[in-house]
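Not measured: the values here are computed from a predicted model.
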Number of protein chains: 2
Amino acid sequence: MRKRKGAGRPTISDVAERAGVSTITVSRALRDPSKVSDHLRRKINDAVRKLNYVPHSHASALASTRSNVIGVIVPSLTNNVFADTLRAIYDELYQGPFQVQLGNSRYVAKDEERLVRTFLGQGPSAMIVAGVDQTDATRELLENAECPVVQVMDISDDPIDMMVGFSHFEGGRAAGVHLVQKGYKRIGFLGARMDPRSHRRMEGFKEALRSGGRYDPDLMMTTTDSSSVSLGGHLIEQLRKCRPDLDAVFCNNDDMALGALFGCQKAGISVPDEMGIIGFNDLEMMAASYPSLTSIRTDRYQIGKRAVQMIKAVLDGETPEQKIIDLGFELQCRESTMRPKSKAR
Amino acid sequence: MRKRKGAGRPTISDVAERAGVSTITVSRALRDPSKVSDHLRRKINDAVRKLNYVPHSHASALASTRSNVIGVIVPSLTNNVFADTLRAIYDELYQGPFQVQLGNSRYVAKDEERLVRTFLGQGPSAMIVAGVDQTDATRELLENAECPVVQVMDISDDPIDMMVGFSHFEGGRAAGVHLVQKGYKRIGFLGARMDPRSHRRMEGFKEALRSGGRYDPDLMMTTTDSSSVSLGGHLIEQLRKCRPDLDAVFCNNDDMALGALFGCQKAGISVPDEMGIIGFNDLEMMAASYPSLTSIRTDRYQIGKRAVQMIKAVLDGETPEQKIIDLGFELQCRESTMRPKSKAR
DNA sequence: TAACATTATGTTAGCGCTAACATTATAACA
DNA sequence: TGTTATAATGTTAGCGCTAACATAATGTTA
C-alpha cells in the first residue's frame, strides 16, 4: 500500500471530525468566524484547543494562492537605521496574519535582485525594499509583481508603486546650510560606504556649500569602507593632515560623527570651537555625548510603520490618497556646532 | 466547469513539457542534479531559464513535509548584540536552500512562547532561540519539536537540544576581578533592562567583588528601562550623588559604558584616574572612544555561525561531537581602567 | 549470453488546505 | 401559502510539488 505519513501533527480534518463538521467549515471558522454559526464555532474552537491544532501555513498558501508573507529587503542588519525601521515593521505586523520574510542584500544590487526574485517566487502579499536605486531588472520584477510594493528610506518622483521616506539631498543640504550659517569656513565631508543615499546627501551638502561660497572639493573625503566609529576618527585625522585649517565636517552618519569627535579629542582639538561636527540620523547617543552632537533627525520607526499601514490599506482594497510619503527630517542643533563666536547671518 | 487559476506563473509541469520530460525529473534535476543525466539536465535548465521558473516553495514544503525554514527568535532587533548574530545566521544561510523566519520577542517571555508556537506550526527545519530562560511551556514545545533546536548567546548545563554561547556569570566575574586587580575600591554596577543574562553577569560580578572584599550592595544600581547611552549617563550621575566616593563601574553593556564615560566627562571626573569604566560585549566603538573603553569581548558573529553549522550538520545526519559550545569571552583592557597608580597585585 | 545489479526515468497518489460550486436550512415577502 | 432571497454547511477538485513505487535502459559478472 502506498501511503505518505505527513508531519504527524493534527490536520484540519482531525479538527473537523472531532467537531462533527466538514473541513471547510473549520477552515471558515478560523479564517472568517462570522461565516459560521455560534454553535459550530464553539465546537470547532474547542476541538482546536484540545488537539492543539495549528493551521499549516504552506498548505493554506498553496490552496489559496495567497501567502500572507510580506517580503522585506534591507541592505544591512547591523545598521541601526534599518533596525529601527525593521522593528516598526515587526511591531506593526505583530497582530494579524502577516509574517515577515526578511532579506539582507548587504548593499549589493545583484544580491538584492536575487532576493527579490526568490521572494516573489513565494507569492508574497507585499514587498518592502530599502531605497530607490534598484537595478533595472529588479525594478521590472517589482513592477510586474502582483502585490503592493513600498520603497522605504528614500523618495524620488518615480516610485515603483509606493514610497515612504525623506529626501537625502535636502537632508545633506540642511547640514551644509547649518555649518555655513554657524560661520564655519573650511568645511569638509566624511563619507563611508558611499551608497546612493549617502551620495545624495553629499550632493545636497555640496550644493549648500556652493551657494554659501564655501565649497572646496579637496575637503570631500569618501571611502567605500563600511562606516564605523573608528573610521570616523581615522578619516578626520587624515583630512586634517592634508588640510590642518579644516574647521567643520559633515559626517555621512552618526557613527562617523562620533568617531570624528573622539578623533578631535584625541588630537586636542576643541569641538565646537576649532571643529564643528554634524552627523546624520540622530541616533540616541548623539544627544548623550559630551559635547552633544548635532545631527539630522530622521524618523526611521515611522517609516516602517507607515509602510506597513499603506500595505494594509491597499490589501484591504483602499486606495491610498498619496503614493509618496515624505516624512522629512529635522535638524537637531547641539553643542558640537555651537561656536561661541557664531557668525550666523 | 470548475477551474482554479493558480498564480499564473510557470509551474514545474510547464518546465517538464518544454523540456520533454516528466515533472519528477524536473524536480530531481533542481533538487539533486546528480540524479539526472547531463543531457536532460541541460534541457531542463534551459527550460527553467526560458520560462523564468521559480519553484513554489509552499507547494514543495507541503509535498515533502519539509519547509527549509529556520525559525530564529531574538528579544531585540535594535540591540547590536543580536544584530551581529543575526547577520552571521543570514550570511551562513545565504547559499543553500534554507530561509530564515525571524521573530522579535521584545524581551517578553509570553511573546516568545507565541512565536515559538507559530513557527513550529510551519514545520521548521530547525529553530534558533536566544537565551536559556524560556518559560516551561516554551521549553516543552521546543523539546517536543521534531527539529534541531539551538539556544544561543548563553549556556547552561541543561540544553533543550544544543547550545552556543558563553557564560555570562563568568563574564561578569572577569569584569569584577579586573576592577579589583586594578586597585579600584568603591566599585559599582550599572544595569539597564535586567534580562536574565544581565542578571547572571551581575551575579558573577558581585561574586568577584565579594572575594576581593569590595562588595557593597548599595553600589549595585539597576533599572528595567531599556539600555541606552543617555541612561548610562543618568545612572552614573545618580549613583555618584548618593555615593560621591564611587571610583569604578561595570556597565551592563557598552551603550551604558559609553554613557557613563560621557557622564563623567560632563561632571569633570577623569577616566580612568577618578573613575574606572568597563562595559560588556566590546562593540566596535569601545576601541575608538577617547579614552578607549575596557570591555568584555564576546564573539556574537561566531555564535550565529556556529549555530547554523551545528544545524546543518544535524540535518545532514551527522551527530555533533558536542551539544554545548562555549565560545568564551576575552577581556579587552583599555584606557578606561588603566589607572596610573595601579595596585595590581 | 543469461542472470543480476545499477542507474535513469516515469506513473500515481497525496501532502493539508481552500475555491468554486451544490445543497440544505432559515428568513422574508407578497 | 408558496416563492424567493439569504445564510449556513457540505462536496469535490485541485493548488504545485514530491514520496513511493514501477519500469525501462544500461552496466557487470560468471
_Please tell me if B:T25 has a side-chain N or O lying less than 4.0 Å from either OP1 or OP2 of C:dT9._
no
*Is A:R18 salt-bridged to A:D46, going by a charged N under 4.0 Å from an acidic O?*
no
_Between the base of D:dG16 and the side chain of B:R9, is there a donor and acceptor pair under 3.5 angstrom?_
no
_Minimum heavy-atom distance between B:S76 and B:T78, given as atom pair plus value_ = OG-N, 3.1 Å
*asked:* At 4.0 Å (heavy atoms only), tell me whether A:R31 reaches a base, stays on the sugar-phosphate, or touches nothing.
replied: sugar-phosphate
*Nearest-Å distance, CG (B:L30) to P (D:dG16)?*
16 Å
_Sugar-phosphate, base or nothing in reach of B:R66, heavy atoms under 4.0 Å_ = sugar-phosphate
*Could you check which nucleotide pairs with D:dT28 in any of the strands shown, counting Watson-Crick or G-U wobble with both distances under 3.5 Å?*
C:dA3
*Using a 4.0 Å heavy-atom cut-off across all strands, classify B:S22 as base, sugar-phosphate, or nothing.*
base
*In whole angstrom, give the distance that lies between atom CG of A:D38 and atom C1' of D:dA7.*
13 Å
*asked:* Tell me the interatomic distance from A:I12, atom CD1, to C:dC15, atom C1', rounded to whole angstroms.
replied: 14 Å
*Starting at CD1 of B:I24 and ending at P of C:dG14, how long is that distance when rounded to a whole Å?*
15 Å
_Could you report the tightest heavy-atom contact between A:I311 and A:A126, atom names first, then the distance?_
CG2-CB, 3.5 Å
_Nearest-0.5 Å distance that lies between atom CG in A:N79 and atom CZ in A:R193_ = 7.5 Å
*asked:* Check this one for me: any side-chain N or O of B:S27 less than 4.0 Å away from OP1 or OP2 of D:dT18?
replied: yes
*Rounded to the Å, how far apart are A:K35 NZ and C:dT18 P?*
12 Å
*Kindly say whether B:V21 contributes a backbone atom to a donor-acceptor pair with the side chain of B:K43 at under 3.5 angstrom?*
no
*Any side-chain N or O of B:S64 less than 4.0 Å from the OP1 or OP2 oxygen of D:dC17?*
no
*asked:* Among D:dT18, C:dG16, D:dG16, which nucleotide has an atom closest to any side-chain atom of B:T23?
replied: D:dT18
*Partner of D:dA22 by Watson-Crick or G-U wobble geometry, both contacts under 3.5 Å, or none?*
C:dT9
*Find the distance B:L40:CG to C:dT9:P and express it as a whole number of Å.*
4 Å
*Can you tell me how far P of D:dA8 sits from CZ of A:R28, to the nearest Å?*
11 Å
*So, is A:S60 close to the C:dT18 phosphate, meaning a side-chain N or O under 4.0 Å from OP1 or OP2?*
yes
*In whole angstrom, give the distance that lies between atom CG of B:L62 and atom C1' of C:dT18.*
12 Å
